[in-house]
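Worksheet: one structure, shown below.
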Amino acid sequence: MNQNDMPKAYEPADVEAKWYPEWEKRGLFHGEPVPGKKAYSIVIPPPNVTGILTMGHVLNNTLQDILIRWHRMLGEEVCWFPGTDHAGIATESKVDKVLREKEGIDRRTLGREKFIERVWEWKKQYGGTIIRQLRKLGTSCDWERERFTMDAGLSDAVKQVFVRLYEKGYIYRGTRMVNWCPAAQSALSDEEVIYKETKGKFWHFRYPLTDGSGYLVVATTRPETMFGDTAVAVNPRDERYRHLIGKTVHLPLTDREIPIIADEHADPEKGTGCVKITPAHDPNDYQVGKRHNLEFINVMNRDGSMNSRCGKYAGLDRYECRKRCVADLEAQGLVEKIEDIVHNVGFSERGGVEIETLLSNQWFVKMDELAKPAIEAVKTGKIKFYPERWTKTYFHWMENIQDWCISRQIWWGHRIPAWYRDEEVYVGVEPPKGEGWHQEEDVLDTWFSSWLWPFSIMGWPEDTAEQKFFYPTNDLVTGPDIIFFWVARMIMAGYEFKGDLPFRNVYFTSIIRDELGRKLSKSLGNSPDPLAVIDQYGADALRFSIVYIAPVGMDIRYANEKCEIGRNFANKLWNACRFRRMQGPVSGEFKALSAKTAASLTPDEVLILSRLSEAVGSVSRALTEFRFHSAAHEIYDLVWSGFCDWFIEACKPRLYGSAEEKNQALAVLDFALWNLLRLLHPFMPFITEELAHQMSFLADGESIMKAPFPVPFPEILPADAEQLSAFTNAKYELVTAGRNLRLSNGVPPSRKAHYHIKASGEAYAAHLKNQLPALLSLLNAEEVSISLEEYKADDGSSAPSLLCEAGVIYLPLKGLVDTAAEKAKLEKQEADLRKWIRSAEGKLSNPGFVSKAPPAVIEAAKKQLSDLQEKLDRVLEALKRLS
RNA sequence: GGGCGCUUAGCUCAGUCGGUUAGAGCAUUUGCCUUACACGCAAAGUGUCGGGGGUUCGAGUCCCUCAGCGCCCACCA
C-alpha cells in the first residue's frame with residue numbers, strides 16, 4: 001500500500017460500479033426467516049412498472065435504505081421487499097400510446113387478449129427500468145424477493161380477498177354515481193379525482209313555462225347536460241317561486257316538459273335560486289331525483305360525446321355540444337346572461353381530462369366496518385405516524401369513509417372473479433362449472449392489489465415462514481399524497497385478512513419541489529434526472545445531500561447544485577482517510593483502543609472521542625425517531641469541523657514526533673475513522689465500503705454492510721473528560737483569536753508568528769503549556785509564551801490582543817501597529833461586554849428571578865456575570881495602555 | 001366553508017424540557033495553492049425570530065389574535 005494509489009479527489013463512478021454487484025453477488029441484501037433472531041422488514045412502495053426514477057423515489061428509497069442498512073448493522077435479520085405495481089390505467093394508456101405511435105394499431109382493433117399479451121411483452125422489455133435505476137442509488141433491497149402485483153401469487157391473493165369480501169357482503173355491485181374518465185373510459189374512485197380551480201362561465205337560461213305565463217331562469221355551468229334535465233328545483237321557502245311549484249316548463253332544445261319541484265337542495269342565494277336537475281349527471285341531483293322519483297337520463301357516451309338522447313347534438317363532443325347549445329339558445333333568445341366564474345372542476349388524476357359524474361353499474365367495497373380496527377390502531381398508537389400530525393388527515397378521511405368503487409373498464413389488471421349466466425351471478429376464485437357463463441369484463445382498481453402488498457408479497461394466502469417471521473413489517477416510508485390510496489387501505493387490509501397491523505411506524509416523506517417551490521413536473525421541465533445527477537456527483541452525494549437538505553416534515557426545495565454538499569463531504573472524508581494512510585499502515589487498535597492508549601489520551605483526543613461517542617448515541621436516537629436530517633447534520637459537523645478542522649490539525653505535530661506519540665495518534669485516528677465510517681455507512685454506502693477497505697479496516701471478502709453499528713464508548717474516556725474537553729475548546733477559541741490577530745494585522749501566513757498568552761488562571765496556564773506543540777501548529781507559530789502576566793515589549797512596541805475564556809492572546813508586532821483599529825476593536829468588545837453585563841445584572845437584581853428560578857440557573861447567571869466583569873476589566877486595562 | 005402547515009441572517013433552513021450573548025450551509029468580504037483535501041484552509045460581517053396582545057422571574061420556544069404564503073378535504077346548480 002503506498003500513498004499514491006488513492007486519487008486526490010474521490011471518484012465515485014468506479015467505486016459504485018465495483019461494490020454494488022459485489023454486494024449483490026455475495027447475497028448481502030438477502031433476508032431469510034431465522035426463528036429466534038430479531039426481524040426487521042420494510043416493503044417498498046411499489047413504483048409503477050412504467051415508471052422511471054424521480055427525485056421523489058430517490059428520497060423515499062434513500063430513507064428506506066438508511067433504515068435497512070442501519071438495522072442490518074445492528075445485527076438484525078433484515079429484509080427489504082421490493083417490487084413494482086402494474087398500475088392499470090397508467091400502463092394501459094402508455095402501451096396503447098406506444099402501439100399507436102410505433103405500429104399504428106389501436107388497442108380496440110387488437111382486441112383484449114392480444115392487447116394484454118402486448119402489455120406483458122412491453123413489461124418484460126421495459127418494465128424493469130426503475131428497478132435497475134434503484135440499484136444505481138445503492139438500495140439494498142432483497143432482489144431475490146422482487147414481486148410484481150400481477151404475479152400469479154399476488155393475483156391469487158387478490159381473488160381470495162375479493163371472494164371473501166363478497167361472501168361477507170362487503171363487496172356489492174350496484175348502479176351509483178361514479179366519477180367517469182372519458183380518456184380512460186373507465187370509472188374512477190373518488191381519490192383519483194383532483195379538483196382544480198378553473199375559469200368557466202355561468203350561463204343563465206330561460207326555461208319557458210308551459211302555461212305560457214313566462215319563464216324561469218336557471219343558472220348552470222354545464223349547458224350540455226340539459227338533455228338529461230328531468231326537473232327544475234326551487235327552494236320551498238323561496239317566496240319568489242313558491243307559486244310555480246307543481247307547474248311545468250318546456251325544456252329548450254327538446255320537446256320535453258319537466259316539472260318544477262320543491263327541494264331543499266335549491267339554494268335561494270345561489271344563482272337565480274332555480275336549479276336544473278340532471279339526476280344522471282350530478283351527485284346532488286341524483287339525490288333529488290331519488291327523492292322525487294324523477295327519470296334518470298344518461299346523455300353521454302363512454303368517451304364523453306353526447307348520445308342519442310341529445311337529438312341533433314348526438315355524437316358531438318361534450319365541449320362542442322356545449323358551444324352549440326349556447327349558440328342555439330342565444331338564437332332563440334333564451335339566454336338571460338353569461339357570467340364569468342372561477343370554480344373547482346374535477347380532473348382525472350391519470351388522464352388529465354375533466355371527469356364526468358354519471359350513473360353507472362359498478363362494483364363497490366363497503367368500507368365502514370373495515371375502517372374500525374384501522375382507526376383504532378392509530379388512535380391507540382399501535383401504529384405511529386411520523387410526523388404525527390398526519391394522523392388528523394387519516395382520521396378525518398377514515399371517519400367519513402365512502403364506499404370504494406373498485407371496478408375499472410379497462411383491460412390491464414386483475415379481472416374481477418365474477419361470472420354471469422342470464423340473471424345468475426357467480427363469484428369465486430375458480431370459474432364456475434357448466435356452460436354459458438361469461439366472466440365480468442371489468443378489472444379491479446390497481447390499489448385493490450396494492451393494499452394487500454405487505455402480506456401478498458410474502459406469499460399470502462399460503463401460510464409461509466416469511467409471514468411468520470417478517471410480518472408485521474416494521475416501518476413504512478412513503479409520501480403523504482398516498483395516505484388514502486394506499487396507507488389507510490393497507491392498514492384495513494392488514495387487520496381484515498391477517499388479523500394484525502401491516503407495519504408499526506409510517507414515516508411520511510417530504511414532497512420535493514424545485515428551487516422556486518414549484519412541484520416537480522414533466523411539463524414544467526423542472527424534474528431533474530437522478531441518473532444524470534448520480535453521474536455528475538455520485539450516488540452517495542445525492543443520497544446524503546437530499547437527506548441533509550430535507551427539512552423536518554416540510555417540502556424540500558431541491559436544486560442539483562445542492563448535491564455539492566454531499567460531493568464535497570464525500571471528498572472531505574476521502575481526503576481525511578488519504579491523509580491517514582500517508583502516515584503509515586493501520587494500527588491494531590482500530591476496533592478497540594488498548595488500555596495503554598486509553599490511559600494516555602491527550603486533551604485533543606479526549607475531546608474528539610467524547611464528541612464521537614456522543615454523536616454515536618444521538619445519531620442512533622435520531623434514526624429511531626426518523627430524524628434523518630438531524631442525523632446527517634450531526635455526522636457532517638463531526639467529520640468536518642470536529643475531526644478534520646480541529647482534531648487532525650491538532651494531532652499533526654504528534655505524528656511527526658516521537659514513535660510513541662505517533663503510534664498513539666495513529667491508534668486514535670484509526671479508532672475514530674472506523675467508527676465514523678460505520679456511522680456514516682447507512683447514508684453513504686459506497687464510499688464508506690471503499691474506504692473501509694482502502695484503510696484495511698476490512699479484509700477482502702468482508703463488508704462494512706455487516707460490520708457492527710457503533711455504540712457509545714464512555715468507558716474509554718477519562719473521568720475528567722468533560723473538563724478536559726472544556727479546556728480544549730477554550731484552547732481552540734484562543735487559536736481562532738490568534739489567527740484573527742494575524743490576519744487583521746497583516747502578518748503573512750508564510751511567516752511563523754510569535755504569540756503571548758496571559759492565561760486566565762493557573763489551571764489554564766498549566767493546560768496550555770502542556771499543549772504547546774499543538775498550539776504552535778494550530779497557530780502556525782514559532783513561539784507561544786504562556787504566563788499569568790500581560791505582554792510587555794522590551795522595545796516599547798505594542799501588541800494587539802484578544803480576550804478569550806482561557807486568557808488574553810497577544811500578537812507582538814515590531815514596528816507600527818494600527819492603534820486606531822486596535823482601539824476600535826477593543827471599544828467594540830467593551831460595548832458588548834457592558835451590554836451583556838447590564839442584562840446579567842438586570843436579571844440578578846430581579847427579585848422574581850432570584851426567588852423563583854432554579855438554583856442551577858441562578859448560579860450560572862452569577863458565574864456569567866463575574867466572568868463578564870473580569871473580561872471587562874482586562875479590556876479596560878488594554879484600552880488604558882493604548883491611550 | 002373545515003382542517004393542517006409555514007413565516008428566524010441576502011437565500012435555504014436548524015433551534016430538544018421555556019433558562020448564558022439565537023445557529024449552520026450557501027452567498028458576500030478579506031487573506032491563503034500552509035505537504036489530506038481549492039470539491040480546500042483561515043478569518044470577518046449580517047437578525048425588530050411575520051405584526052399585536054397575553055402567561056411567566058424569564059418567550060424564537062407556551063396561549064390568544066391578526067396578516068401573508070402553501071397544502072389537504074368538502075364544494076362543479
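Below, chains carry the letters A, B, ... as their sequence lines are ordered, and counting in each starts from 1.
- A:Asn846 comes within contact range of the sugar-phosphate backbone alone, with a heavy-atom separation under 4.0 Å but no base atom that close.
- Counting any heavy atom pair closer than 4.0 Å across all strands shown, A:Asp282 reaches no nucleic acid atom.
- Comparing B:A36, B:U20, B:A42 by their nearest atom to the side chain of A:Asp645 picks out B:A42.
- OP1 or OP2 of B:C13 has at least one side-chain nitrogen or oxygen of A:Arg557 nearer than 4.0 Å.
- In terms of heavy-atom proximity, A:Ala774 sits nearest to A:Ala650 at CB-O, 3.9 Å.
- Distance from the side chain of A:Thr393 is smallest for B:C72 among the nucleotides B:C32, B:C72, B:U21.
- Each of B:U12, B:C73, B:A43 was ranked by its minimum atom distance to the side chain of A:His396; first place goes to B:C73.
- Counting non-hydrogen atoms under 4.0 angstrom, A:Ile549 reaches nothing in the nucleic acid.
- The listed nucleotides are B:A42, B:C39, B:C75; the one nearest the side chain of A:Arg739 is B:A42.
- When distances run from any side-chain atom of A:Leu743 to the nucleotides B:A36, B:C75, B:A42, the shortest one goes to B:A42.
- Among the heavy atoms of the strands, none lies under 4.0 Å from A:Trp203.
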Dot-bracket, 5' to 3', for RNA chain B please: Watson-Crick or G-U pairs under 3.5 Å, [ ] where pairs cross earlier ones, | where the partner sits on another strand, dots elsewhere. (((((((..((((.....[...)))).(((((.......))))).....(((((..]....))))))))))))....
Residues 535-542 of chain A side chain polar contacts: donor-acceptor under 3.5 Å, at least two apart:
residue: A:Asp540; atom: OD1; partner: A:Phe686; partner atom: N; Å: 3.3
residue: A:Asp540; atom: OD2; partner: A:Phe686; partner atom: N; Å: 3.3
residue: A:Asp540; atom: OD2; partner: A:Ile687; partner atom: N; Å: 2.7

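- Among the protein residues, A:Phe569 comes within range of no part of the nucleic acid, since none of its heavy atoms lies under 4.0 Å from any strand.
- Counting only heavy atoms from C-beta on, A:Pro749 has its side chain closest to B:G31 among B:G31, B:U21, B:A43.
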Working for salt bridge (charged side-chain N to carboxylate O under 4.0 Å, His left out), residues A:Glu224 and A:Arg222: CA-CA 6 Å; A:Glu224 67 279 11; A:Arg222 302 289 315 274; 2.8 Å; yes
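- Nucleotide B:C41 holds its P atom 14 Å from the CZ atom of A:Phe579, rounded to whole Å.
- Within 4.0 Å (heavy atoms only), A:Pro748 reaches no atom of the nucleic acid at all.
- Residue-level contact check: A:Lys652 touches the bases, meaning some heavy atom is under 4.0 Å from a base atom.
- Within 4.0 Å of A:Lys562, counting heavy atoms only, lie sugar-phosphate atoms of the nucleic acid but no base atom.
- The shortest distance between the side-chain N/O atoms of A:Arg389 and the OP1/OP2 oxygens of B:C4 is not below 4.0 Å.
- Contacts of A:Glu564 with the nucleic acid, taken as non-hydrogen atoms under 4.0 Å apart, are absent.
- Under the side chain to side chain donor-acceptor pair (under 3.5 Å) criterion, no residue pair touches residues 385-395 of chain A, with sequence neighbours excluded.
- The side chain of A:Ser839 places an N or O atom within less than 4.0 Å of a non-bridging phosphate oxygen (OP1 or OP2) of B:U21.
- In this structure, A:Lys652 satisfies the cation-pi test against A:Phe579, with its NZ or CZ atom closer than 6.0 Å to the six-membered ring centre and inside 45 degrees of the ring normal.
- Listed candidates were B:U21, B:A36, B:A43. Nearest to the side chain of A:Thr736 is B:A43.
- Donor-acceptor pairing under 3.5 Å, judged by distance alone, is absent between the side chain of A:Asn571 and the base of B:C37.
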Give the C-alpha distance, both sets of side-chain angles, the deciding distance and a yes or no for salt bridge (charged side-chain N to carboxylate O under 4.0 Å, His left out) between A:Lys337 and A:Glu339. CA-CA 7 Å; A:Lys337 64 172 172 175; A:Glu339 285 176 55; 3.6 Å; yes
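- Judged by distance alone with a 3.5 Å cut-off, no donor-acceptor contact links the side chain of A:Lys8 to the base of B:C37.
- Heavy atoms only, all atoms of each residue included: A:Leu188 and A:Cys181 are closest at CD1-CB, 3.7 Å.
- Listed nucleotides: B:C41, B:A36, B:C73. Nearest to the side chain of A:Phe484: B:C73.
- Looking at A:Glu649, its side chain comes within 3.5 Å of the base of B:A36 through a donor and an acceptor atom.
- Contacts of A:Lys392 with the nucleic acid, taken as non-hydrogen atoms under 4.0 Å apart, involve only primed sugar atoms and P, OP1 or OP2.
- Within the nucleic acid shown, A:Ala576 comes within 4.0 Å of at least one base atom, counting heavy atoms only.
- Closest of all the heavy-atom pairs between A:Pro387 and A:Phe508 is CD-O, 3.9 Å.
- For A:Tyr548, counting side-chain heavy atoms from C-beta on, the closest listed nucleotide (B:U21, B:A36, B:G25) is B:G25.
- Heavy atoms of A:Ile483 sit nowhere under 4.0 angstrom from any nucleic acid atom.
- In this entry the distance linking CZ of A:Arg567 with C1' of B:C37 reads 12 Å, nearest Å.
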